[in-house]
Amino acid sequence: MSEDSWRSVVIDRTGPGHFVATNARGGTIRFSTASGDDRGGDFTPVELLLAAIGGCTAADVDAATGRHAEPARFSVSVTGDRISDELGNRLTGLTVTFGVTFPDGEGADRARAILPRAVKASHDRLCTVSRTVETGTPVTVTVEDA
């Protein structure tokens, strides 16, 4: 693994069911295991996964279309069904929906024209997050010696 390819976060428990993730650059995001009205605005780990899928593909598409025109609206919705079956807890039916509009103009016409190709390219090869989910990359779990 090269230094350029290495990615990592550290998760620290901040209280019962509450955590903070910190990346190598010092950025943080809070999340919790609570669901419903008691979560106080924190994301759940499942919501973070949905946000990662949407955020990754949004960045790809924005880079491709934003060179031509500033969007009037750029929204990405990511949904899925949480199930528990013989394979364990997981999400099924993951769907990413783009809502993107551009103002009138030549650059905007070009951005509109490439939008479907940009979405497809992100899904098929560029978005590391959704590509990792779709290819079923194994996850290795270990416990440090105490």
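Reckoned from all heavy atoms, side chains included, excluding hydrogens, waters and symmetry mates. Note that the coordinates shown come from a computational prediction; the quantities given were computed from them, not determined experimentally.
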Cluster overlap Val100 with Ile114, hydrophobic side-chain contacts below 4.5 Å: no

Hphob cluster co-occupancy, Val76 + Leu94, side-chain heavy atoms under 4.5 angstrom: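 As far as the 4.5 Å side-chain criterion goes, Leu94 and Val76 are connected within one cluster.
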
Matching residue for Leu91 among Val78, Val46, Thr79, Asp81 - test: side-chain contact (heavy atoms from CB on, under 4.5 Å):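 For Leu91, the side-chain contact (heavy atoms from CB on, under 4.5 Å) check succeeds only for Val46.
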
Closest contact, heavy atoms only, Val61 versus Ser122: CG2-CB, 4.3 Å

Test item: Asp12 side-chain N/O and Val20 main-chain N/O as donor-acceptor pair under 3.5 Å: no

Main-chain N/O of Asp4 paired with Arg7 side-chain donor or acceptor, under 3.5 Å: yes

Side chains of [X] and [Y]: closer than 4.5 Å at any heavy-atom pair?
X      : Y     : result
Phe102 : Thr65 : yes
Phe43  : Leu50 : no
Leu48  : Ile29 : yes

Residue Asp85 excluded, over 12 heavy atoms near CG under 6.0 Å: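 For Asp85, atom CG is crowded (more than 12 foreign heavy atoms under 6.0 Å).
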
Whether Phe31 and Phe19 hold their rings parallel, tilted or perpendicular, with breakpoints at 30° and 60°: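 Parallel.
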
Spatial distance of atom [atom1] ([X]) from atom [atom2] ([Y]) [nearest 0.5 Å]:
X      : Y      : atom1 : atom2 : answer
Ile53  : Thr95  : CD1   : OG1   : 10.0 Å
Thr57  : Lys120 : OG1   : NZ    : 12.0 Å
Leu126 : Arg131 : CG    : CZ    : 9.5 Å

Test log, rule side chain to side chain donor-acceptor pair (under 3.5 Å), inputs Glu134 and His123: CA-CA 10 Å; Glu134 284 205 358; His123 176 263; 2.9 Å; yes

CA sep, side-chain torsions, deciding dist, call: Val139, Val141, side chain to side chain contact (heavy atoms under 4.5 Å, CB included): CA-CA 6 Å; Val139 176; Val141 179; 4.2 Å; yes

